[in-house]
Protein chains: 2
Amino acid sequence: MNTLAEENYLKSIYHLSMGADNVSTNQIAASLNTKASSVTDMLKKLADKALINYTRYQGVSLTPSGEKIAVNIIRKHRLWEYFLVEKLNFKWDEVHDMAEEMEHISSAELIDRLDEFMDYPQHDPHGEPIPDCNGRFKSPELKPVSALTVNDQGIISGVRDHTSAFLQYLDKQQLTIGKKIAITEIIEFDHSVVLQIENKKEVHISREVANNLLIAL
Amino acid sequence: MNTLAEENYLKSIYHLSMGADNVSTNQIAASLNTKASSVTDMLKKLADKALINYTRYQGVSLTPSGEKIAVNIIRKHRLWEYFLVEKLNFKWDEVHDMAEEMEHISSAELIDRLDEFMDYPQHDPHGEPIPDCNGRFKSPELKPVSALTVNDQGIISGVRDHTSAFLQYLDKQQLTIGKKIAITEIIEFDHSVVLQIENKKEVHISREVANNLLIAL
DNA sequence: TAAATAATTTAGACTTATCTAAATTATGAA
DNA sequence: TTCATAATTTAGATAAGTCTAAATTATTTA
Ligand SMILES: [Mn+2]
Ligand SMILES: [Mn+2]
Ligand SMILES: [Mn+2]
Ligand SMILES: [Mn+2]
């Protein structure tokens with residue numbers, strides 16, 4: 001098995017790989033709140049274990065086995081988040097830190113039973129897809145509200161920012177996962193957006209918010 | 001907060017304190033599968049943190065704050081074991097190792113919600129009492145079958161041995177928690193015991209088994 | 001009560017994961 | 001293309017937790 005630190009590095013590299021295909025030492029350091037020199041040390045260790053492709057100064061990518069481990073950690077993270085919200089009634093902005101601990105519980109049998117117990121949920125409380133027990137999942141095509149135009153409509157299906165502040169703001173505006181929205185107006189001056197929620201309430205959101213709210217068309 | 005290692009030491013000292021009131025270095029080493037010298041190092045650390053009373057060569061006992069931490073770990077261990085058996089359908093011999101990991105999940109809010117979700121169970125799958133959120137619990141007076149005499153009857157309420165081998169044997173004999181039993185005969189030659197389960201099946205158990213099966217009268 | 005033996009502690013070393021400071025390599029602006 | 005700057009790696013420390021081997025203290029036993 002891998003240590004807790006190794007698992008966190010692999011997960012971080014996996015997430016950072018979504019953007020570019022080679023991840024830099026500094027990116028990893030920033031995402032794990034650690035120093036670049038610590039990252040270099042760990043990269044050597046992960047390369048020795050054949051979990052990453054690493055050549056000095058060139059950044060890293062996950063090998064298939066590294067990716068498999070990362071996806072499994074993410075599966076566990078998202079299933080526990082779903083459990084916390086659906087079974088223990090936590091709010092979607094409260095569960096991330098707990099799941100950061102729970103994702104390291106090792107038993108595969110446990111997580112598969114948990115998956116079954118919750119009836120194989122497809123998405124976590126933030127709209128992220130939950131990999132199945134073989135690590136497979138499909139990421140639906142989501143667009144930020146900021147990429148839509150007037151009269152476009154769709155369903156709120158994810159968030160880019162997972163901070164409590166943002167999620168609580170969305171709660172207050174009733175901009176929660178699953179809600180249907182339609183774009184009413186885009187203010188050119190500041191790129192803020194007016195939208196209508198399920199044919200009722202109208203809300204006016206800033207460009208910042210529009211950038212971080214993801215819609216399935 | 002305390003490290004995982006510190007928590008395991010406190011829990012071990014707590015359990016060993018049930019017998020005598022001062023726990024020895026070697027006892028702790030044996031229970032944690034480590035070496036006496038490692039234990040000594042940790043005892044100094046725990047004493048510095050005022051979690052144990054320790055003077056060289058004299059063994060240790062928990063301070064009130066050390067005991068509070070230990071009981072909390074035990075609460076978490078037993079609640080997770082209950083969850084695994086009652087919600088995820090694991091067998092009582094399968095859950096201990098998973099709970100050893102889960103007991104270190106730190107959130108108190110999480111464990112209190114889990115407690116509520118399961119409707120405040122009083123005992124874990126092995127019959128051990130589950131401390132409430134204030135650390136309070138009552139240990140019922142239990143006697144091993146080996147301490148009973150012919151015609152005594154009672155309810156199976158706990159086990160001394162938690163190994164898979166023993167628990168699976170009990171399952172096979174239908175000697176499970178909650179079953180009512182009555183002593184039919186005690187064989188003097190080898191101290192084995194014949195007992196009747198809920199007025200039906202008769203089983204013959206060895207002295208060894210009789211010593212490890214606990215009854216509430 | 002004095003050895004012998006057992007229990008415990010100390011000394012010194014190792015591993016993992018981290019850090020700061022210094023050295024090296026890469027990059028991009030002039 | 002050259003050099004200043006940014007990114008990355010190396011060197012050397014530190015802390016937690018563990019180990020083996022040696023030293024110390026306590027306990028038994030004769
Ligand atoms: Mn999360
Ligand atoms: Mn999530
Ligand atoms: Mn247990
Ligand atoms: Mn138990």
Side-chain angles (χ1 to χ4, degrees), chain A residues 1-17 19-62 66 69-70 73 100-101 103-104 106, chain B residues 1-17 19-62 66 69-70 73 100-101 103-104 106:
Chain A
M1 264 307 96
N2 308 285
T3 66
L4 190 142
E6 286 168 351
E7 291 187 345
N8 284 333
Y9 274 89
L10 292 173
K11 182 162 62 99
S12 163
I13 294 167
Y14 180 88
H15 282 132
L16 293 168
S17 297
D21 66 355
N22 254 37
V23 177
S24 76
T25 301
N26 272 353
Q27 280 179 291
I28 299 166
S31 109
L32 292 175
N33 275 107
T34 185
K35 299 296 149 104
S37 56
S38 306
V39 174
T40 300
D41 287 343
M42 181 59 90
L43 294 183
K44 288 175 190 164
K45 215 180 304 177
L46 294 173
D48 284 347
K49 291 191 169 193
L51 300 174
I52 61 171
N53 306 114
Y54 171 57
T55 37
R56 294 179 354 152
Y57 293 102
Q58 299 309 129
V60 295
S61 61
L62 294 174
I69 294 167
I73 304 292
E100 285 290 301
E101 288 184 61
E103 71 190 7
H104 302 288
S106 59
Chain B
M1 264 306 95
N2 308 286
T3 67
L4 189 142
E6 287 168 351
E7 291 187 345
N8 284 334
Y9 273 89
L10 292 172
K11 182 161 63 100
S12 164
I13 295 167
Y14 180 88
H15 282 131
L16 294 168
S17 298
D21 66 355
N22 252 38
V23 177
S24 76
T25 301
N26 272 354
Q27 280 179 291
I28 298 167
S31 108
L32 291 176
N33 275 108
T34 186
K35 299 297 149 104
S37 57
S38 306
V39 174
T40 301
D41 287 343
M42 182 59 90
L43 294 183
K44 288 175 188 163
K45 216 181 301 177
L46 294 173
D48 283 348
K49 291 191 169 194
L51 299 174
I52 60 172
N53 305 114
Y54 171 58
T55 38
R56 293 179 356 151
Y57 293 102
Q58 299 309 129
V60 295
S61 62
L62 294 174
I69 293 167
I73 305 292
E100 285 289 300
E101 288 184 62
E103 71 191 6
H104 302 288
S106 59

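Convention: sequence-line order gives letters A, B, ...; per-chain numbering from 1.
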- Task: Mind checking side chain to side chain contact (heavy atoms under 4.5 Å, CB included) for B/E100 and listing every partner two or more places apart, or none if nothing turns up?
- Result: B/K11, B/H77, B/H96, B/E103
- Task: Under the side chain to side chain contact (heavy atoms under 4.5 Å, CB included) rule, collect the residues that match up with B/N53, sequence neighbours excluded.
- Result: B/S61, B/T63
- Item | Sequence-distant partners of B/N26, side-chain hydrogen bond (donor to acceptor under 3.5 Å, both in side chains), two or more places apart | none
- Set of side chain to side chain contact (heavy atoms under 4.5 Å, CB included) partners for A/A50, sequence neighbours left out: none
- Message: For the backbone of B/Q58 and the side chain of B/N22, can you confirm whether one donor and one acceptor N or O come within less than 3.5 Å of each other?
- Response: yes
- Query: Does any pair with a residue in residues 43-62 of chain B pass salt bridge (Lys or Arg N to Asp or Glu O under 4.0 Å), and if so which ones, sequence neighbours excluded?
  - Reply: B/E6-B/K49
- Query: For residues 32-41 of chain A, which residue pairs qualify under side-chain hydrogen bond (donor to acceptor under 3.5 Å, both in side chains), counting only residues two or more places apart or in two chains?
  - Reply: none
- Message: Expressed as a whole number of angstroms, how long is the span from A/D48:CG to C/dA17:P?
- Response: 13 Å
- Message: Which residues pass the side chain to side chain contact (heavy atoms under 4.5 Å, CB included) test with A/A30, not counting sequence neighbours?
- Response: none
- Taken to the nearest whole Å, CG/A/L43 to P/D/dT10 is 11 Å
- Message: Using whole Å, what does the distance between atom C1' of nucleotide D/dT8 and atom CD1 of A/I52 come to?
- Response: 14 Å
- Task: Tell me which residues in residues 23-31 of chain B put a heavy atom below 4.0 Å from DNA chain C, sorted by number, or none.
- Result: B/S24, B/T25, B/N26
- Would you give a per-nucleotide map of nucleotides 14-29 of chain D, 5' to 3', where B means the base has a protein non-hydrogen atom under 4.0 Å away, S means only the sugar-phosphate does, and - means neither? --SSBBBB--BSS---
- Task: For A/K44 and C/dT15, give me the distance from atom NZ to atom C1', rounded to whole Å.
- Result: 16 Å
